[in-house]
Colleague: 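Right, I'll just put the structure down here and ask away after.
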Amino acid sequence: MADDILRDSPIFQLIEQEGIEKGRREGIEKGRIETSRHTALAILQARFPQQPALHALAQRVLAGLVDLSLLQQLPVRFSTVSSLEEAQQALLRLENYQE
């Protein structure tokens, strides 16, 4: 009974709606981060298909990155590296970047 009164109050409903919206925004952000990680890894795997050590390094480094704007730049960066060594160096620099 008291719970119903509380749940029906405008303040409770406002707080609940704000919580739902915040959760939705966080979910969208998390999805964008995961998509950016996946895209960057897929590009490296396509560019350097027979390099399991590079793929493992990329997975490890990308998993630790949460900066969406940085992650969104990586597909272009990985598309333009000129060699395996340049790709490895880019990943090692990112490994040291960790937010």
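Remember, predicted model here, so these are calculated numbers, not experimental data.
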Colleague: Measuring from R32:CZ to S69:OG, what's the distance to the nearest 0.5 Å?
Modeller: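 Answer for the CZ-OG pair, R32 versus S69, is 12.5 Å.
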
Colleague: Please round to the nearest 0.5 Å and tell me the distance separating atom CD of E34 and atom CG of L71.
Modeller: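 Atom-to-atom, E34:CD and L71:CG are 9.0 Å apart.
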
Colleague: Just wondering, do K30 and V66 contact through their side chains at under 4.5 Å, heavy atoms?
Modeller: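 No; the side chains remain at least 4.5 Å from each other.
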
Colleague: Side chains of residues 49-58: which donor-acceptor pairs under 3.5 Å do they make with residues two or more places apart or in other chains?
Modeller:
unit_1, atom_1, unit_2, atom_2, d
H55, NE2, F48, O, 2.8

Colleague: So, does R37 use its side chain to make a donor-acceptor pair with the main chain of L65 at under 3.5 Å?
Modeller: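 Pair found, side chain donor or acceptor close to backbone of L65.
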
Colleague: If you look at every heavy atom in P75 and A40, which pair is closest and at what distance?
Modeller: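 Between these two residues, the closest heavy atoms are CG-N, 4.2 Å.
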
Colleague: Please list, chain by chain and in numerical order, all residues satisfying side-chain contact (heavy atoms from CB on, under 4.5 Å) with R77, sequence neighbours excluded.
Modeller: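 R77: side-chain contact (heavy atoms from CB on, under 4.5 Å) contacts with T80, V81, E86, A90, R93.
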
Colleague: To the nearest 0.5 Å, tell me how far R60 CZ sits from E95 CD.
Modeller: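 Between R60 CZ and E95 CD, I get 4.5 Å after rounding to 0.5 Å.
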
Colleague: In Å, rounded to the nearest 0.5 Å, how long is the span from CZ of R24 to CD1 of I28?
Modeller: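 Reported value, rounded in 0.5 Å steps: 7.5 Å.
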
Colleague: Do S36 and L74 have side chains that approach each other closer than 4.5 Å (heavy atoms only, starting at C-beta)?
Modeller: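 With C-beta onward as the side chain, the pair stays apart.
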
Colleague: Using the rule given for side-chain contact (heavy atoms from CB on, under 4.5 Å), can you reason through L91 versus F78, listing the C-alpha separation, both sets of side-chain angles and the distance that settles it, and then say yes or no?
Modeller: CA-CA 9 Å; L91 286 165; F78 293 155; 3.7 Å; yes

Colleague: Given side chains that start at C-beta, do those of H38 and L41 come closer than 4.5 Å, heavy atoms only?
Modeller: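 No, their side chains stay 4.5 Å or more apart.
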
